[in-house]
Amino acid sequence: MTDERRVAHAVGPSRRVRSRVEPEQIPTTGAWHPQHGPGARSFADIGALQLEAGGRLPGVTLAYETWGELNEARDNAVLVCHALTGDSHVAGPAGPGHVSPGWWSSIVGPGLAIDTDRWFVVAPNVLGGCQGSTGPSSPAPDGTPWGSRFPHVTVRDQVAAELELTDLLGIERWANVVGGSMGGHRVLEWAILAPERVRSIAVIASGAQTTADQIAWAHAQLAAITLDPNYRGGDYYAAGPGQGPHAGLALARRIAHTTYRSAEELETRFGRIHQHAEDPMLGGRFAVQSYLDHHGSKLTLRFDANSYVALTRAMLTHDVGRDRGGVRAALSTITADTLVVAVDSDRLFLPHESERIAAAVPGARPVRYVRSPYGHDGFLIEHEQMSRHLGEFLRQVARP
Ligand SMILES: CC(=O)SCCNC(=O)CCNC(=O)[C@H](O)C(C)(C)COP(=O)(O)OP(=O)(O)OC[C@H]1O[C@@H](n2cnc3c(N)ncnc32)[C@H](O)[C@@H]1OP(=O)(O)O
Ligand SMILES: N[C@@H](CCO)C(=O)O
């Protein structure tokens, strides 16, 4: 175990997996329980986490979903790491507990690129999130939400929590760890923190170290939320339903969403058209403004502002080179078979960041490109290209 791993290791006494879907099958020990069914959301209690930036987070829970079956050799497990506002619902349709289909439902499933007839797929909701895993809206030991008391968690802490989940599931080594954007941050940290637990990685539209440009965009988003008077320093839960910093969160999403798409796409799609009968000369909106307003308000229905802040801060401090002699030195320790994918029109995670990763990871394949007008969100939209890249890679990884 490396020093970093030891520092960020769970220290709590009680670790177990449980399922809200099949309560009669709740296991009483930390043993992997195979009866969770396709896509059922389960919960792992991993105890306390000692945090990289200091402090301790007690009673950590990770929500997760699984698809497929873990084989007898336990060598067919794939970990999918979601992006900033994603969650564990990667595959399958909308349904009870899920307002939308899985965010990669045309990539993960039976017969698809990440074939759940072949692979046992696990997707946790990230530490700091708001879809079942411990985050700022979870109860602190005094029974009230953490709110402003939620400590700074880093990408390494998030991976440390997922390592505990991995142990609980009885998975010695992931056949593949895959993720885009913020998910890609975790993929890289997985390969560096626990090389012995990862056979291959796919890092998609991501970076090894958050850039000044990304920090700048995130800064405006954080300000939008924290300057909303309803933010109340992060302690808005007691104000009651609907009283949180929704305006600030929606503004943050408008800013973020603009960076997730390309200028070319916005121009082609919206140009200068007005939103229906609205006339900008009379105070109305252009269609692109309405589009961003829509994405802003939609997020407020499904996401907690404090989680947005906590996860954004985790992204800001993402730097695989921290305390490891720099980015290149850190990447050079990766032993996993590595695929890096970039979206050619991504203006947030620039393709040269992907090239930098591939150049520094020993034996990494040449960067694969998604050719798309959509920008960063291309990794969520261009299913065919993503399927081709991931499918080919996984077929090679599967070869003995
Ligand atoms: C791994 C993860 O990141 S998981 C999280 C991914 N999911 C999200 O981020 C949810 C937010 N959604 C998105 O970011 C994107 O919709 C994606 C990436 C999922 C898909 O992109 P696209 O298919 O290109 O969808 P697009 O960006 O065009 O958005 C479509 C929505 O905009 C709405 N819209 C389009 N034009 C306008 C307009 N002029 N005014 C208002 N709304 C508009 C559509 O009605 C549609 O609404 P709906 O989603 O409520 O049905
Ligand atoms: N739409 C994605 C983009 C960030 O990678 C999200 O909200 O997580």
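In listed order, ligands and their atoms are each counted from 1.
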Please tabulate, one line per pair, the protein nitrogen or oxygen atoms found under 3.5 angstrom from a nitrogen or oxygen of ligand 2, with distances to 0.1 Å, or say none if there are no such pairs.
{"from": "ligand 2", "atom 1": "1 (N)", "to": "Asp377", "atom 2": "OD1", "distance (Å)": "3.2"}
{"from": "ligand 2", "atom 1": "5 (O)", "to": "Ser181", "atom 2": "OG", "distance (Å)": "2.7"}
{"from": "ligand 2", "atom 1": "5 (O)", "to": "His376", "atom 2": "NE2", "distance (Å)": "3.0"}
{"from": "ligand 2", "atom 1": "7 (O)", "to": "Thr85", "atom 2": "OG1", "distance (Å)": "2.5"}
{"from": "ligand 2", "atom 1": "7 (O)", "to": "Arg253", "atom 2": "NH1", "distance (Å)": "2.9"}
{"from": "ligand 2", "atom 1": "7 (O)", "to": "Arg253", "atom 2": "NH2", "distance (Å)": "3.4"}
{"from": "ligand 2", "atom 1": "8 (O)", "to": "Leu84", "atom 2": "N", "distance (Å)": "3.3"}
{"from": "ligand 2", "atom 1": "8 (O)", "to": "Thr85", "atom 2": "N", "distance (Å)": "3.0"}
{"from": "ligand 2", "atom 1": "8 (O)", "to": "Thr85", "atom 2": "OG1", "distance (Å)": "3.4"}

Does anything in residues 68-87 form a ring-ring contact (aromatic ring centres under 6.0 Å, His included)? List the pairs, not counting sequence neighbours.
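Qualifying pairs: none.
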Take the angle between the ring planes of [X] and [Y] and call it parallel below 30°, perpendicular above 60°, tilted in between.
X      : Y      : result
Tyr231 : Tyr236 : tilted
Tyr291 : Phe270 : tilted
Trp104 : Phe379 : perpendicular

Per-ligand residue contacts, ligand 1, heavy-atom threshold under 4.0 Å:
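These residues qualify: Ala83, Thr85, Gly86, Trp103, Arg253, His257, Arg261, Arg269, Phe270, Gln275, Ala287, Ser290, Tyr291, His294, His295, Lys298, Arg302, Asp377, Leu380, Ile381.
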Hey, does Asn71 have a side-chain heavy atom less than 4.5 Å from the side chain of Trp119?
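They are not in contact (no side-chain heavy atoms under 4.5 Å apart), so the answer is no.
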Mind checking whether Asn176 and Phe393 have side chains closer than 4.5 Å, heavy atoms only?
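With C-beta onward as the side chain, the pair touches.
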Output a table of donor-acceptor pairs, distance under 3.5 Å, between side-chain atoms of residues 218-226 and any protein atom two or more places apart or on a different chain; print 'none' if there are none.
{"from": "Gln221", "atom 1": "OE1", "to": "Tyr308", "atom 2": "OH", "distance (Å)": "2.6"}
{"from": "Gln221", "atom 1": "NE2", "to": "Trp217", "atom 2": "O", "distance (Å)": "3.3"}
{"from": "Thr226", "atom 1": "OG1", "to": "Leu222", "atom 2": "O", "distance (Å)": "2.8"}

Asp319 and side chain to side chain donor-acceptor pair (under 3.5 Å): which partner among Gln209, His185, Arg156, Arg324?
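That would be Gln209.
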Among Thr85, Asp293, Thr300, find the residue that satisfies the side chain to side chain donor-acceptor pair (under 3.5 Å) test when tested with Arg253.
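Considering Thr85, Asp293, Thr300, a side chain to side chain donor-acceptor pair (under 3.5 Å) with Arg253 is found only for Thr85.
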